[in-house]
Asker: 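Handing you this structure, nothing more for now.
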Amino acid sequence: MKSKLILAAICLLLGGNVHAFAAKPPALSQVKAAVAMKALAESQNYTVNVSQAYPMAGSGVAVPSMVKIEGNQIYSTLPYIGSGYNTFGNNDGMRFTGTISDYKVEAGKKNKVYVSFTATATTGRVYRFKITIFYNGVSYISTSCNNLQAMRYDGTIGFNEAVDTEGAR
């Protein structure tokens with residue numbers, strides 16, 4: 001009886017973590033995917049669809065939002081969960097439209113791509129972004145801004161969708 005109980009407990013523990021034992025793609029496939037992710041980042045024409053936000057204090061919060069890069073323009077709908085200092089009535093947090101400067105893309109170890117840039121919102125507020133892109137498209141965004149606590153976001157990267165402006169008329 002005791003052995004059946006132990007076996008059932010092990011099955012339950014392993015059943016919830018099946019993805020932990022899933023096979024990774026072959027190394028060559030990972031390298032090719034990482035090269036494609038680097039090319040996507042270098043194109044400066046992509047969107048990171050965010051699913052989780054992590055404030056400096058507290059646990060993660062599910063929040064559907066995005067960061068869209070188009071050339072030297074950025075559009076962010078990221079929520080801000082944290083404390084602000086001397087914000088003077090600016091309740092937008094990380095939601096803004098602005099321009100990008102100091103855009104850098106670097107290939108890292110273990111098939112990761114690192115993107116860093118500074119974004120200046122139309123309000124004049126300056127944000128610093130660091131994005132880590134994994135070979136499978138999973139992306140981590142770290143943001144900081146003067147007078148706001150740093151935030152981290154998790155999501156996936158993809159190409160910007162072409163917008164049909166012809167049918168809008």
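We count residues from 1, following the sequence as given. Only heavy atoms go into these numbers, but all of them, side chains included; no hydrogens, no water, no symmetry mates.
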Asker: Mind checking whether P79 and M94 have side chains closer than 4.5 Å, heavy atoms only?
Answerer: no
Asker: Report yes if some heavy atom in the side chain of L40 is under 4.5 Å from a heavy atom in the side chain of I157; otherwise report no.
Answerer: yes
Asker: Do the non-hydrogen side-chain atoms of K68 and I74 ever get within less than 4.5 Å of each other?
Answerer: no
Asker: Not counting sequence neighbours, which residues clear ring pair (Phe, Tyr, Trp, His ring centres under 6.0 Å) with Y153? List them please.
Answerer: none
Asker: Can you find a heavy atom in the side chain of L148 that is under 4.5 Å from one in the side chain of N146?
Answerer: no
Asker: Would you say that N45 contacts I69 through its side chain, given a criterion of any heavy-atom pair below 4.5 Å between the two side chains?
Answerer: no
Asker: Is there a path of hydrophobic side-chain contacts, each under 4.5 Å between heavy atoms of I, L, V, M, F, W or Y residues, that connects F159 with Y75?
Answerer: no
Asker: Could you list the donor-acceptor pairs under 3.5 angstrom formed by side chains in residues 131-145, with sequence neighbours left out?
Answerer:
residue	atom	partner	partner atom	Å
N136	OD1	V138	N	3.2
S139	OG	G137	O	3.2
S144	OG	R128	NE	3.4

Asker: Using the test salt bridge (charged side-chain N to carboxylate O under 4.0 Å, His left out), find all partners of K38 that sit at least two apart in sequence or belong to another chain.
Answerer: E42
Asker: Using the test side chain to side chain donor-acceptor pair (under 3.5 Å), find all partners of N49 that sit at least two apart in sequence or belong to another chain.
Answerer: none
Asker: Please list, chain by chain and in numerical order, all residues satisfying side chain to side chain donor-acceptor pair (under 3.5 Å) with Y54, sequence neighbours excluded.
Answerer: D154
Asker: Let me see the working for I100 and Q73 under side chain to side chain contact (heavy atoms under 4.5 Å, CB included), right down to the final yes or no.
Answerer: CA-CA 6 Å; I100 296 172; Q73 297 294 310; over 6 Å; no
Asker: Side chains of residues 102-120: which donor-acceptor partners sit under 3.5 Å, not counting sequence neighbours?
Answerer:
residue	atom	partner	partner atom	Å
Y103	OH	A41	O	2.6
Y103	OH	Y46	OH	2.9
N111	ND2	Q30	OE1	3.2

Asker: May I ask you to test the S51-P64 pair for a side-chain heavy-atom distance under 4.5 Å?
Answerer: no
Asker: Going through the distances and angles, do N160 and T47 end up as a side chain to side chain donor-acceptor pair (under 3.5 Å)?
Answerer: CA-CA 6 Å; N160 286 340; T47 300; 2.4 Å; yes
Asker: Hey, any chance V61 and L78 share a hydrophobic cluster, counting ILVMFWY side chains that come within less than 4.5 Å of each other, even indirectly?
Answerer: yes
Asker: Could you check whether any side-chain heavy atom of R125 comes within less than 4.5 Å of a side-chain heavy atom of F96, counting everything from C-beta outward?
Answerer: no
Asker: Taking the side chain as every heavy atom from C-beta outward, state whether I81 and M151 have any atom pair closer than 4.5 Å.
Answerer: yes
